Amino acid sequence: MTRSIHILNGPNLNLLGKRQPEIYGHDTLDDVEALCRAEAEGSDVSVLLRQSNYEGQIVDWIHEAREEASGIIINPGALTHYSIAVLDALNTFDGPVIELHISQVHKRESFRHHSYVSLRADAVMAGFGVRGYALATRHMIGLITAD
Ligand code: CA2
């Protein structure tokens with residue numbers, strides 16, 4: 001049975017590789033998608049990567065993942081720090097959830113130290129750069145193909 005991982009990205013992450021490379025690196029979201037697909041190659045797992053600047057769209061995609069995905073990897077962007085709506089949506093998802101941040105948020109401003117999403121996440125990654133997406137994909141494949 002083919003299983004699917006949905007990789008959801010929140011506000012401003014469309015600018016990845018185009019601004020602030022000193023924080024977020026030079027790779028674009030397309031590069032990230034290629035990294036994750038390469039990680040899933042040879043497994044019976046498909047990868048879907050999406051990005052939106054709108055909170056409601058992220059909530060809708062989490063609802064969609066309820067029907068279609070075995071696991072969610074989410075970089076909620078700034079929504080991490082204030083969106084109870086994203087947390088509530090993730091709480092309706094039954095599979096594993098990995099929260100991912102490209103930067104090491106705990107080294108940055110104090111408002112980035114709190115995450116609503118961490119109240120639901122089964123694992124949290126921060127500071128691995130875009131390589132974190134590949135590592136998270138590998139870990140997620142292990143989780144959803146374990147049984
Ligand atoms: O480190 C991360 O991945 C963050 O989730 C990124 C968010 C930030 O609000 C979180 O605190 C940590 C911001 C995303 C902005 O993405 C950009 C990427 C490239 C250039 C400009 C913005």
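A quick note: this is a predicted structure, and the numbers were derived from the prediction, not measured. Atoms within each ligand, like the ligands themselves, are counted from 1 in listed order. We use all heavy atoms of the structure for the numbers below, so side chains are in, but hydrogens, waters and symmetry mates are not.
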Exercise. Could you verify whether a donor N or O on one side chain and an acceptor N or O on the other, from Glu55 and Ser83, lie under 3.5 Å apart?
Key: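 Yes, because at least one side-chain N or O of Glu55 sits under 3.5 Å from a partner of the opposite role on Ser83.
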
Quiz prompt | Polar contact flag, side-chain donor to acceptor under 3.5 angstrom, Arg108-Ser103 | solution =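 Indeed, the side chains of Arg108 and Ser103 share at least one donor-acceptor pair under 3.5 Å.
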
Exercise. Could you walk me through whether His26 and Tyr24 pass the ring-ring contact (aromatic ring centres under 6.0 Å, His included) test, one step at a time?
Key: CA-CA 7 Å; His26 291 279; Tyr24 299 111; over 10 Å; no

Atom pairs and distances, ligand 1 N/O vs protein N/O under 3.5 Å:
unit_1   : atom_1 : unit_2 : atom_2 : d
ligand 1 : 1 (O)  : Ile102 : N      : 3.3
ligand 1 : 1 (O)  : Ser103 : N      : 2.9
ligand 1 : 1 (O)  : Ser103 : OG     : 2.6
ligand 1 : 3 (O)  : Asn75  : ND2    : 2.8
ligand 1 : 3 (O)  : Ile102 : N      : 2.7
ligand 1 : 5 (O)  : Asn75  : OD1    : 2.8
ligand 1 : 5 (O)  : His101 : ND1    : 2.9
ligand 1 : 9 (O)  : Ala78  : N      : 3.4
ligand 1 : 9 (O)  : Arg112 : NH1    : 3.0
ligand 1 : 11 (O) : His81  : NE2    : 2.7
ligand 1 : 11 (O) : Arg112 : NH1    : 2.9
ligand 1 : 16 (O) : Asn12  : O      : 3.4

Quiz item: ring pair (Phe, Tyr, Trp, His ring centres under 6.0 Å): which pairs involve residues 89-111, sequence neighbours left out?
Solution: His106-His113

Quiz item: So do the side chains of Leu35 and Tyr133 get within less than 4.5 Å of each other, counting heavy atoms only?
Solution: no

Practice problem: Would you mind reporting whether Met140 and Ile98 have side-chain heavy atoms less than 4.5 Å apart? | Solution: yes

